[in-house]
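The basis for the numbers below is simple: all heavy atoms, side chains too, and nothing from hydrogens, waters or symmetry mates.
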Amino acid sequence: MIDSDLRADLTARLEVARRALLGALEGLTERDFATDLGDGETVVRLLANLAGAEPRAVVEAGGNGAHGAPPEKPLPPQVVHDLAGARYRILRRLDADDASEARVRTLVAEVERLEAVAVGRIKGRPPAPPPPPQIPVIQR
């Protein structure tokens with residue numbers, strides 16, 4: 001089990017990283033989530049991949065559990081829920097009796113890195129394409 005002061009510090013760092021990620025998502029529309037980031041990956045796919053990478057980092061830090069492939073057609077609410085689940089697993093790893101200080105420090109640093117990359121890509125995304133033209137309705 002890690003020291004409570006270290007746990008508090010690591011938890012605070014995770015909170016800062018998550019607030020930055022949520023800040024980057026604030027105000028995004030459904031069209032924004034579908035925006036191509038320039039390499040064929042959309043914002044929602046980026047988040048789905050992030051939600052899959054964080055549990056893998058937990059396993060690498062000595063935690064147990066399975067992590068599968070991200071969903072084939074992710075939806076924004078689904079990936080936000082998956083990210084919340086990943087964060088829960090990370091916090092449980094920090095509380096584990098067998099948690100190694102070095103491994104949890106590495107885990108938190110990796111999560112910070114992953115989320116910072118995601119924030120940068122989301123904030124730097126190209127503008128969403130314009131909406132399709134409205135089809136006029138013929139009144140009788």
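- A salt bridge links Arg87 with Glu115; the closest basic N to acidic carboxylate O contact falls under 4.0 Å.
- Shown here are the salt bridge (Lys or Arg N to Asp or Glu O under 4.0 Å) partners of Arg121, two or more places apart in sequence or in another chain: Asp39, Glu41.
- Here the CZ-OG distance, from Arg93 to Ser100, works out to 8.5 Å after rounding to the nearest 0.5 Å.
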query: Stepwise, does the side chain to side chain contact (heavy atoms under 4.5 Å, CB included) test hold for Phe33 with Val79?
result: CA-CA 11 Å; Phe33 275 98; Val79 296; 5.5 Å; no

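- Proximity of Leu91 to Leu14: side-chain heavy atoms (C-beta onward) are separated by under 4.5 Å at one or more points.
- Tracing side-chain contacts under 4.5 Å through hydrophobic residues (I, L, V, M, F, W, Y), one never reaches Leu83 starting from Ile90; they form parts of separate clusters.
- One finds a salt bridge joining Glu101 and Arg105 here, because a Lys/Arg side-chain nitrogen approaches an Asp/Glu carboxylate oxygen to under 4.0 Å.
- For the pair Leu21 and Leu50, the minimum side-chain heavy-atom distance is below 4.5 Å.
- Cluster membership for Leu37 and Leu114, using ILVMFWY side-chain heavy atoms within less than 4.5 angstrom, is shared.
- The hydrophobic cluster containing Leu22 also contains Leu47, counting ILVMFWY residues as joined when their side-chain heavy atoms lie under 4.5 angstrom apart, directly or transitively.
- Think of Ile138 as one node in a network of Ile, Leu, Val, Met, Phe, Trp and Tyr side chains linked at under 4.5 Å; it has no links at all.
- Asp3 pairs by the salt bridge (Lys or Arg N to Asp or Glu O under 4.0 Å) definition with nothing, not counting sequence neighbours.
- Contact check for Leu46 versus Ile122: side-chain heavy atoms found under the 4.5 Å cut-off.
- Under the salt bridge (Lys or Arg N to Asp or Glu O under 4.0 Å) criterion, Arg92 pairs with no residue at all, not counting sequence neighbours.
- Residue pairs meeting the side chain to side chain donor-acceptor pair (under 3.5 Å) criterion with at least one partner in residues 23-33, sequence neighbours excluded, are Thr29-Asp32.
- Arg45 places no side-chain N or O within 3.5 Å of a backbone atom of Ala34 that could act as its donor or acceptor partner.
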- prompt: Checking side chain to side chain contact (heavy atoms under 4.5 Å, CB included) for the pair Arg125/Leu28: CA distance, chi angles, key distance, verdict?
  reply: CA-CA 11 Å; Arg125 75 189 181 284; Leu28 263 59; 3.6 Å; yes

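- For Lys123, the side-chain contact (heavy atoms from CB on, under 4.5 Å) partners two or more places apart in sequence, or in a different chain, are Ala24, Val119.
- A donor-acceptor pair is defined here as one N or O able to donate and one able to accept, closer than 3.5 Å; such a pair exists between the side chain of Gln78 and the backbone of Leu75.
- When atom types are taken as modelled, the side chain of Arg103 and the backbone of Ala99 share no donor-acceptor pair closer than 3.5 angstrom.
- When side chains are defined from C-beta on, Asp95 does not count as touching Ile2, because their heavy atoms never get closer than 4.5 Å.
- Checking each of Asp82, Asn49, Val44 against Pro74 for a side chain to side chain contact (heavy atoms under 4.5 Å, CB included) leaves exactly one that passes, namely Val44.
- A salt bridge does not link Arg18 with Glu15: every distance from a Lys NZ or Arg NE/NH1/NH2 to an Asp or Glu carboxylate oxygen is 4.0 Å or more.
- When side chains are defined from C-beta on, Leu107 does not count as touching Glu54, because their heavy atoms never get closer than 4.5 Å.
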